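Every value quoted in this text rests on a predicted model; they were computed, and no experiment measured them.
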Amino acid sequence: QVQLIESGGGLVQADDSLKLSCVVSGVTFNSYVMGWFRQAPGKEREFVAAISRSGFTHYADSVKGRFTISRENAKNTVFLQMYSLKPEDTAVYYCAGDHRSYSDDTYASRNPYVYNYWGQGTQVTVSS
């Protein structure tokens with residue numbers, strides 16, 4: 001029923017830009033906190049960015065200032081605009097949704113276990 005489909009990954013050079021998209025279906029999109037996580041080979045899945053129900057954004061320190069998360073509710077889509085990409089950004093990037101009803105509509109969790117719905121991921125590879 002619920003589907004999250006990522007797109008936009010690819011192979012780029014360091015300092016290049018890339019924009020990821022995640023289209024969500026089967027849910028009331030604007031009631032979800034949406035997040036982006038990534039997982040590099042041999043490493044745990046890590047938080048990248050999240051956007052609250054009200055559009056308040058949260059970022060990992062490693063990407064703050066370089067990545068921008070946004071959502072377009074009319075299209076049921078969340079984006080991750082990535083600038084100044086580095087080789088260490090290489091990973092599979094996953095879109096995730098959290099339907100918990102937080103009283104604070106600016107809140108978004110950084111814990112991947114909080115998120116109930118996940119996409120299949122899109123590969124981002126950054127060469128030096």
Side-chain angles (χ1 to χ4, degrees):
Q1 185 73 18
V2 179
Q3 296 185 63
L4 290 75
I5 302 177
E6 303 98 333
S7 63
L11 174 62
V12 298
Q13 296 182 353
D15 301 319
D16 281 355
S17 300
L18 207 57
K19 188 173 184 178
L20 307 183
S21 299
C22 174
V23 179
V24 181
S25 63
V27 299
T28 304
F29 180 73
N30 61 7
S31 69
Y32 278 72
V33 171
M34 298 299 301
W36 286 96
F37 295 78
R38 67 188 182 187
Q39 188 164 20
K43 294 189 175 182
E44 296 181 359
R45 188 167 298 188
E46 68 172 342
F47 171 79
V48 176
I51 186 164
S52 77
R53 290 180 287 112
S54 67
F56 194 87
T57 57
H58 306 252
Y59 298 96
D61 289 342
S62 60
V63 306
K64 190 174 182 64
R66 297 189 298 120
F67 292 9
T68 301
I69 187 171
S70 61
R71 64 193 300 162
E72 190 169 338
N73 289 341
K75 295 184 178 180
N76 282 18
T77 304
V78 61
F79 303 95
L80 185 68
Q81 177 67 64
M82 303 182 291
Y83 297 105
S84 301
L85 283 162
K86 304 175 181 180
E88 51 263 45
D89 294 318
T90 296
V92 177
Y93 283 70
Y94 297 92
C95 175
D98 170 16
H99 196 42
R100 284 180 168 80
S101 184
Y102 301 111
S103 58
D104 181 358
D105 65 1
T106 70
Y107 178 80
S109 178
R110 297 172 176 238
N111 183 354
Y113 291 99
V114 167
Y115 291 79
N116 300 113
Y117 302 104
W118 293 84
Q120 293 185 341
T122 184
Q123 177 71 48
V124 173
T125 302
V126 185
S127 63
S128 60

Could you check Asp89 against Arg66 for side-chain contact (heavy atoms from CB on, under 4.5 Å), going step by step and ending with a plain yes or no? CA-CA 11 Å; Asp89 294 318; Arg66 297 189 298 120; 2.8 Å; yes

Would you please test Thr125 and Val12 for side-chain contact (heavy atoms from CB on, under 4.5 Å) and show each step? CA-CA 6 Å; Thr125 302; Val12 298; over 6 Å; no

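Annotation: the span from Asp16 atom CG to Ser127 atom OG amounts to 8.0 Å, rounded to 0.5 Å. The CG atom of Leu80 lies 8.0 Å from the OG1 atom of Thr68; values are rounded to the nearest 0.5 Å. Rounding to the nearest 0.5 Å gives a distance of 10.0 Å between NZ of Lys64 and NE2 of His58.
Linking ILVMFWY residues whenever their side-chain heavy atoms come closer than 4.5 Å, directly or via other members, leaves Tyr115 and Ile51 in distinct clusters.
Under a 4.0 Å N-O distance rule, the pair Lys86/Asp15 does not qualify as a salt bridge.
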Taking distance alone, no hydrogens or angles, what donor-acceptor pairs closer than 3.5 Å link side-chain atoms of residues 26-36 to residues at least two apart or in another chain?
{"residue": "Ser31", "atom": "OG", "partner": "Thr28", "partner atom": "O", "Å": "2.7"}
{"residue": "Ser31", "atom": "OG", "partner": "His99", "partner atom": "ND1", "Å": "3.3"}
{"residue": "Trp36", "atom": "NE1", "partner": "Phe79", "partner atom": "O", "Å": "3.4"}

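Tyr117 is not listed as a side-chain neighbour of Val24, based on a closest heavy-atom distance of 4.5 Å or more. Contact annotation: the side chain of Ser109 never approaches that of Phe47 to less than 4.5 Å [non-hydrogen atoms, C-beta and beyond]. Annotation: side chain of Val78 is in contact with side chain of Cys95 (closest heavy-atom distance under 4.5 Å). The shortest distance between side-chain heavy atoms of Val124 and Leu18 falls below 4.5 Å. Within the 4.5 Å cutoff, side-chain heavy atoms of Arg38 are placed close to those of Val63.
Formation of a donor-acceptor pair under 3.5 Å by the Arg53 side chain with backbone atoms of Ser101 is not found in this model. Under a 3.5 Å cut-off, the side chain of Gln39 and the backbone N or O of Glu44 do not form any donor-acceptor pair.
Listed here is the closest heavy atom pair of Ser84 and Ser17: N-OG, 4.4 Å. Residue Tyr59 comes nearest to Ile69 through the heavy atom pair OH-N, 2.9 Å, listed as atom of the first residue, atom of the second, then distance. Nearest heavy atom pair, residue Val92 against residue Gly121, reads CG1-CA, 3.8 Å. Smallest separation of non-hydrogen atoms from Ala50 and Ala108: CB-CB, 3.6 Å. Taking each heavy atom of Cys22 and Leu4 in turn, the nearest pair found is SG-CB, 3.9 Å. Between Ala40 and Thr90 the shortest heavy-atom distance is CB-O, 3.6 Å.
Within 6.0 Å of the OH atom in Tyr102, the count of heavy atoms belonging to other residues, nucleotides or ligands exceeds 12.
Within the structure, salt bridge (charged side-chain N to carboxylate O under 4.0 Å, His left out) pairs that include any residue of residues 98-109 comprise Asp98-Arg100 (at least two apart or interchain).
A ring pair (Phe, Tyr, Trp, His ring centres under 6.0 Å) with Phe37 holds for exactly one of Tyr93, Tyr94, Trp118; it is Trp118.
No hydrogens or angles considered: nothing links the side chains of Ser70 and Glu72 as a donor-acceptor pair under 3.5 Å.
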